[in-house]
Every structure is written in structure tokens, then in C-alpha cells.
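Since the structure comes first, as C-alpha cells, the remarks are kept for the end.
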Amino acid sequence: MTVLKTSLRNFFAHKGRMALSATAVLLSVAFVCGTLVFTDTMNTTFDKLFQATASDVTVSAKNASDTGETTSRTGIPPVVPASVLDEVRGAEGVKSAEGTVFSTSVTVVDADKDKLSPSSGAPTIVGSWNGNDARTMEISSGTAPKGPDQVMVDADTADKHHLKLGDEIGVITAVETHHARVSGIATFKVTNPGAAIFYLDTKTAQRTLVGRTGVYTNVNVTAAQGVTDDRLKQNVTAALGHGYRVQTAKEVAEANQKDVQSSLNVMKYAMLGFAGIAFLVGIFLIINTFSMLVAQRTREIGLMRAIGSSRKQINRSVLIEALLLGVLGSALGVGAGVGVAIGLMKLMGLMGMHLSTDDLTVAWTTPALGLLLGVVVTVLAAYLPARRAGKVSPMAALRDAGAPADARSGAVRAVIGLLLTGAGCYGLYVAATADKAKTGSGWLGLGVVLTLIGFVVIGPLLAAGLVRVLAAIILRAFGPVGRMAERNALRNPRRTGATGAALMIGLALVACLSVVGSSMVASATDQLDKTVGADFIIQDDNGKEINARAVHAIKGAPGLERVTEYKLLDATLTTPDGRVSEDETINAADPTYPKDLRTETVAGSLADAYKPDSMSVFEGFAKKHGIKLGSTVAVDFKDGRTARLTVRAITSDDTVIDKGAMYASIATAARYVPADRMPLDDLVFATAEDGQEAAAYKALKAALHDDFPQYTVRDQTDYKQELKDQIGQMLNLIYGLLALAIIVAVLGVVNTLALSVVERTREIGLMRAIGLSRRQLRRMIRLESVVIAVFGALLGLGLGMGWGATAQKLLALEGLKVLEIPWPTITGVFIGSAFVGLFAALVPAFRAGRMNVLKAIATD
């Protein structure tokens, strides 16, 4: 009980000093709990949506996907004949059945040709209005579509794009472009996460989406009273045979949820990873806090030992303080986590994904995990300072506060740190010289972990050396004040090393990712310059195929020398060694493609691969299956017949663009795949006549702008910029998540300075008494903070660039051969770290300047 009382007294006596450590725990726990609440809420939202929108049993074509997704590379969804509807209605246990048509392989535009697709990446769906949709949507204004000139839109899309009754919209499909006016607006009864949905009448939907009437993409079946979904599925399957896909509502919902879950898991674990980094940085803050508090209470602990307190009691007292800190920070973090989740939902709302707080889901495991993580991390971080407190002897009561450093333990630590760093550097070296990326990636991960731990352990030794160098460059210009700042930073290298290490972690990751991102852009740009011979690339930015009418418009643009079509066909390959390779892709293109993409071959000529019944394979595939020039490969096209193609070329694996591609001509593919199943073009390449590049560029844009605004024309400059922007957006997102760790590191600098000011209260009073002004005192503390921050930045940036350069060596094995160091980013981060130091010192410097001189001198 005495230990508990002592711990409580010390905790509340130093509550101000504990606040920043508690904030670090709070932020880390909040990010973990916020991520879990956010992803659980999204799961709940999608669960409700899928359960509400699925009919008891759904019948679709055999080649339709489990999720009911109707897009295909032909641009036309798989369908079932209308006769299926009558057969289903005759099955036992069927209350009602209704045929529907829908597709996601569409583009919808307003009267100004602006796309109405969601910006969040959610699908655009056009379908026939049916009874199943009427269960989940309510017509809030106007009427349902009743003719070819009418369309109904969901309320969220109408609000976002300011659509109202009577507005004209265009539905662009692989079949035609259909124009209609808004006849009604329907509101979801459940939360719509962001899809844009448009409804036509059934016959218009059939003609627009499929190109013919008398077919459906789905048949929605409702069970009679007392008939289970499973029983109904059996009855419908018995009536239809096994030539169709028959699914219960549960199966459709589970398939859709599984599809969504894969995307959510990537987001969830990525965010939790960044929360883990923040926890790691927070550990340094907590260790520093308790180390300094223990050092400041050395005399007090010595007196307690002198009057009979055991080592275990002292140790336990410090750990109880840590436990209180962990519980308080974690509890506040759990509450803040709900706020973080709501903030993420609002942010997703701005991006077009609508999530309702009515679906906010806080599972019991979320606060339990948050509390457990926060408390365990805090107590573990405080263990070393607690052990150090337990070793304080009763004789310490006779000395000034502040236990002397243990030189022997410092030497052991330095040796361990050097060994770990050396082992990590060896791992990075092995990774950089690896022959295979898979092997090298394991060594890279080991090298990153070991060098990071090594730098943390060796931090005090590095601080003792680097701070002197930095001081000579930065601080000496400030005279005596600068020298005092240097000595303060060097007074306790262990503390300076730990504070710098907290900042080092975040900045190392920033530097590493910057190097990798810049190298990827530079390598891809270099590959484009070397290999792409076409002037223009036309594609759909949402990954959809280019329909035949758009290709015709492209070919009709003036000023073009050639246009090359490029398709992707799914196939199963049987190689000469008798092995079957499933889920392969044949890249079918026009014979002009070798001019548009200069692909290096290790055997044969790529132009020969476009001869009748010919193909190429890539080097790795050829080696694996013993394929040589003249070998025959059986190619079973998914939507056609089996072809026996002769290998006329083997392409090099030493490339980035179209790496691992197997080529054949479109004419060859057309011999084995029926015209109605031939995929649409994935890309179209165009090359201008000599001297007509600018005019052809404008002509291509004009040819597509009015009727096909979903397609983008890019020249090589545009393409490079797009690549740079995509990687830049990804890096900015990662930097934003890493900002949490950097914020916690800044709190660590603030806390270190605040506690060191308290530790030096008497010293500060004496310096003020002999003439040091408040301004000079504040400057001294700011300079100390700057040198610590710059020290952490140097370690982090140096370490991160080493990681990034090693990672680039592995990317070189995949064809990304250019190493580029983003010096503007590195320099900006380095300069920014100095400002971070200045910012972190504002409050501690202000408080130090306001100290009463006499009281400070009298402090024990």
C-alpha cells in the first residue's frame, strides 16, 4: 500500500511532466482504435448494403463473377436468355421472379460532357429499374423511367452533380451512346458508400447495355413463404440444370464482402503499420521521461532506500507510475479514436464515399486492444528506467541529484550497437548484390531492422561525436550561448541519442520512400524514352476498355501515320514440356506494335511474332518451360477455341514496360475467338506524320471530346507527368501517415527540453544571477533543441537514403535501373528539422525565461 501511495504522489506531483508522454500514448492508441472503428464501420455499411440489395436467389450467366460484376473485356455483360425467367417461375417454392439488366462497364456524362462517375473509385452502375431495387430505394421526386427518353438517378449523385428533373445525360457503352432526361431521383434506404446509379426501363437497358432485347444479366428470385434460400436454390438449379450460376442472398453478400474486404484489409494494415511506427517513437519519449524523472529524484530515492525501501519496491513504484500513465493515455486514446474514425468518415465523404455515423461500429475488442497496447507499451518502455531506479543506493541521498552515468554499461552498449549496425550494413550489402529480387528483399528487411536498432543502441556514441561537429558548424557563431547549448546537448549523450532517435525513425522512412519513389519515376521515364516509339497513348483512366466506335474515331483523326490497337486475352497455355499454365494473358496487337514499343529480344525478331499462328514468350517463361524458337504452345483462349501457336521470338526480362508479356497479332487471336467475344482494346497507340505532332494531338482530343470524354489522349510528356503525379500522390499519403510519428517525436523533443530545464533549475538560476539575460537563456535552449533535431535528421536522412539506395538495387533487377536522390526533398526535410527544433523549444524556453532567479538558486 505504501508503494502505491508513493507512486500516486509522485505521479500527480509530476503530472505536468507526464502530460506529453500521455499525449504520445493517446495519439498512438487513437490512431489504432480509429483505424479499427473506421474499417469496422465500413464493413457494417457494406454488409447492410449487400444484404439489403440481394434477392433471395440470383440467377446469372455461368461466366458471371461471384460478386455479380457484369463487366467484361468485351464491354458487354454476360447474359441469360429471357426463357430462363419462365423456367425459374415454374420452379417449386418460387413466389416471384424478375429479369434485370445492369452493367458497370459504362460511362455517364451530363449535358456538358462532364463525367458523373464517383471520384472515390466506386463503380458507376446503369441498370433496369426493378422490384428488388424498389425495396432498397425510394423515389423521392419524379417518376421511374417509362420510356427510352427517361432515366432515374440516385439522390447522392444528383446532389453532387446538381442534377435535377429534366436534365439531359448520356450513357456511353460499348454498344451505343444513349441520351435521356432525368425523370426521377431515388434515395437509398440504406447507406450508399458512393456508387453512382442510373436506371433505365428494361427494354432501353437491354438495347443500350447489351445491344439486343430478350436477354437479362440477372434473374432475381423471391422465395415463397416457408421456403429457405438454400432450398430455393436447389429447386431453381433443378429446373435450370447446371448451365447457370445460381446463388443465395448470403452467397452474393459474402462474395461482395470478400471482394471489398481485400481492399479494406490493405488500408487497415497499412494504417496500423504507421500506428506501430508512432508507438515505436513514443517508446523513446516514455523512456526519456522516466529516465529524467528518475535522475531528478535520485536523492529522494536514495533517502527512501536509506529508510528501508527495497529495490523491488522502488522498481515497482516507477512501474506503477507507468501503469497509471498508460491507463490514462490509453483511455483517452480510445475515446479520441472514435473521433478519428468519424474524421476519416468525413474525409472519405469529401472524396465521394458516403459513410453514415448511424453505422458507427465500436466492437468490444477495439477499446480492449487499445488499452492493452497502450498499457503494455508504456510499462515496457518504463522498465529500463525502473531498473535504474532500483539500483540507486542509499548513499545517493548524500550526493546532488543526478546519478552519474555507468561508463561500463555505456561501453557495452556501444559494442552491441556497433555489432548490430555492422550486421545490418552487411544485410544491406547482400541485398544490394543479390541476383534475385525475392532473395534480396529478405536481406533488405533484415538490414533495415538491424541498422535501425543498431543506430538506436549506438545513439549516445553518435551523439557525442556528431553534436560536436554540428556545434562547430551551427553553434559556435553564437558565442558563449552557443557553447553552453553544445555542452547541454553533450551533458547526457544517452538522452540526446534517444531524443534524436525518435525523430530519426520517421525521417528515415521519409528519406527511403523519397529515394524509391524518385528512382521509380526516373527509371520509368528513362524506359519510356528508350522504348516507346508512339507519339500518343489513348486510354481510360478508370481501367475500362476502349470501345470500337472510339477506335474508329481515333483512326479518323487527321495527321496520323499509324494507329495500333492493343488487346488483352485470357488464356490457358500448355507448353512443350506438358505443363499447364493457367490464368495467363496474351497481349494481342497490330503488327505495327513493335514500332510503338521497342522491346528487346534475346532470340528471334518480335515482328515475326505477329505472323499468322505465331507468338512470343518472355525469357523467364521460356527458361522455365524449355521453350526455344520454333516451339509450339497450345493456347486455349478463355472465350474461344484452342490454338497451336509457334514461338517466333523470346523477349528480354530486362524491361519495365510490358514486363512478362506474351505477344501475338489480333488477326491470329480473331481466328480462334468469335467476334462477339473478342475483347475491346485495352490501349490504343497513335503516331503522327512527320511534323504533324501538335496538329495530330489537337485532332485526337477533338475526335474524342464530344462523344467519348471518358478516354484520355496523352503524349509522352503527359504520360511522364501522370506517372510522376501518381507516385507523388501515393508518397504524399504515406508522408501524411508518417506525420503522426513525427508529431510524437516532436513531443519527445519538447518533453526532453522541458524536463532538462527542470533538472537544471538551480544552474539556470545561477547563470541568470551572474548576468545571463532572459533572451540569451531562451536562445541557449532553442539552440540546444535545434542541434538535437538536426542530429536526429542527419541520422534519419542518412539511414533512409541508404535503405532507399539498396531498395533501388533490387528494383534494378525488375528493370528500374536509375537511382535518383531527390535532393530538394532531402534538403527541405533537413531544413524543416531545424525549424522543428525551434518550434519544440518555444514553450520550454519561455518557461525557463520566466523563472524567479532567487527561487531557482534555492532549488535543491
Side-chain angles (χ1 to χ4, degrees), residues 526-539 546 551 554-555 560-571 573 575-576 581 584-635 637 640 642-673 678-690 692-693 696 715-716 719 815:
D526 180 65
Q527 281 280 319
L528 282 169
D529 290 335
K530 290 179 179 179
T531 61
V532 177
D535 293 323
F536 313 111
I537 301 170
I538 301 98
Q539 63 185 143
I546 302 174
V551 174
I554 292 168
K555 290 181 176 180
L560 295 179
E561 177 187 323
R562 65 176 183 270
V563 173
T564 303
E565 299 182 51
Y566 182 90
K567 304 175 185 289
L568 300 176
L569 293 93
D570 297 324
L573 274 57
T575 51
S581 183
E584 296 290 353
T585 300
I586 300 297
N587 300 46
D590 289 327
T592 52
Y593 188 64
K595 297 180 181 179
D596 295 319
L597 189 72
R598 296 181 287 267
T599 302
E600 183 182 347
T601 60
V602 295
S605 170
L606 188 58
D608 292 339
Y610 292 91
K611 292 179 178 179
D613 285 343
S614 300
M615 68 178 297
S616 73
V617 296
F618 58 93
E619 187 177 3
F621 189 83
K623 289 180 179 178
K624 181 178 179 181
H625 295 281
I627 296 174
K628 299 178 181 179
L629 291 182
S631 296
T632 300
V633 177
V635 180
F637 290 102
T642 300
R644 296 185 65 80
L645 304 184
T646 302
V647 175
R648 304 287 185 188
I650 298 176
T651 56
S652 171
D653 286 341
D654 190 13
T655 184
V656 176
I657 301 172
D658 266 6
K659 185 179 180 67
M662 291 184 277
Y663 298 109
S665 70
I666 292 176
T668 294
R671 295 181 59 187
Y672 302 97
V673 179
M678 179 66 76
L680 298 176
D681 291 325
D682 200 64
L683 297 169
V684 173
F685 299 88
T687 301
E689 296 174 353
D690 288 343
Q692 297 296 312
E693 288 82 4
D715 60 15
Q716 291 197 29
Y719 206 81

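The shown structure was predicted, so the numbers you read here are calculated from the model rather than taken from an experiment.
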Exercise. Checking side chain to side chain contact (heavy atoms under 4.5 Å, CB included) for the pair T651/L606: CA distance, chi angles, key distance, verdict?
Worked result: CA-CA 8 Å; T651 56; L606 188 58; 4.0 Å; yes
For this session: Quick one: do L645 and V633 satisfy side chain to side chain contact (heavy atoms under 4.5 Å, CB included)? Show the steps, please.
Result: CA-CA 5 Å; L645 304 184; V633 177; 5.5 Å; no
For this session: Start with the C-alpha distance between Y566 and Y593, add both sets of side-chain angles, then the distance that settles side chain to side chain contact (heavy atoms under 4.5 Å, CB included), and finish with yes or no.
Result: CA-CA 8 Å; Y566 182 90; Y593 188 64; 3.5 Å; yes
Exercise. How far apart are the C-alpha atoms of D590 and R562, what are their side-chain angles, what is the distance that settles it, and do they pass the side chain to side chain contact (heavy atoms under 4.5 Å, CB included) test?
Worked result: CA-CA 10 Å; D590 289 327; R562 65 176 183 270; over 6 Å; no
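Two residues are said to be in side-chain contact when any heavy atoms from C-beta on lie closer than 4.5 Å; L597 and I657 meet this criterion. A 4.5 Å side-chain heavy-atom check between F685 and T687 finds every atom pair outside the cut-off. Looking only at side-chain heavy atoms (C-beta outward), Q716 and V532 come within less than 4.5 Å of each other.
Side chain of Q539 to main chain of V684: no donor-acceptor pair is present (N/O by atom type, distance under 3.5 Å, no hydrogens or angles). Side chain of D570 to backbone of T585: no donor-acceptor contact under 3.5 angstrom is found. Although no hydrogens or angles enter the test, the distance criterion places no donor-acceptor pair under 3.5 Å between the side chain of S614 and the main chain of Y610.
Few gaps surround CG on D529; more than 12 heavy atoms of other groups in view lie less than 6.0 Å from it. The environment of E600 atom CD is sparse: at most 12 non-hydrogen atoms of other residues, nucleotides or ligands sit within 6.0 angstrom.
Going from atom CE of M662 over to atom CD1 of I586 covers 5.0 Å, rounded to the nearest 0.5 Å. A distance of 10.5 Å separates CD of E619 from OG1 of T601, quoted to the nearest 0.5 Å. The distance from atom OG of S616 to atom CG of N587, rounded to the nearest 0.5 Å, is 8.0 Å. One distance of note links CD of E689 with CG of D535; it measures 11.0 Å at 0.5 Å rounding. We find the NZ-CD1 distance between K623 and I650 to be 10.0 Å, quoted to the nearest 0.5 Å. Atoms CD and CG, from Q692 and L560 in turn, are 10.0 Å apart once rounded to the nearest 0.5 Å.
Taking all atoms of both residues into account, the shortest heavy-atom contact from L680 to I546 is CB-O, 3.4 Å. In terms of heavy atoms, L629 sits closest to G604 at CD1-N, 3.6 Å. The minimum heavy-atom distance linking T655 with S652 is given by the pair CG2-O, 3.8 Å. P576 approaches I627 most closely through the heavy-atom pair CD-CG1, 3.9 Å. Of all non-hydrogen atoms in A696 and F536, the two that sit nearest each other are CB-CE1, 3.9 Å. The heavy-atom pair separating S581 from F621 by the smallest distance is OG-CE1, 3.9 Å.
D658 and Y663 share a donor-acceptor pair across their side chains, judged by distance under 3.5 Å alone. Defined by atom type and a distance below 3.5 Å, a donor-acceptor pair is present between the side-chain atoms of T564 and T592.
In this view, D613 and R671, Y672 satisfy the side chain to side chain donor-acceptor pair (under 3.5 Å) rule, not counting sequence neighbours. By the side chain to side chain donor-acceptor pair (under 3.5 Å) test, K555 pairs with E565, sequence neighbours left out. Judged as a side-chain contact (heavy atoms from CB on, under 4.5 Å), and not counting sequence neighbours, the contacts of D608 are S605, K611, R648.
In summary, K567 and D682 do not engage in a salt bridge, as defined by a charged side-chain N under 4.0 Å from a carboxylate O. The pair D654-K659 does not meet the salt-bridge criterion, since no charged nitrogen lies less than 4.0 angstrom from a carboxylate oxygen.
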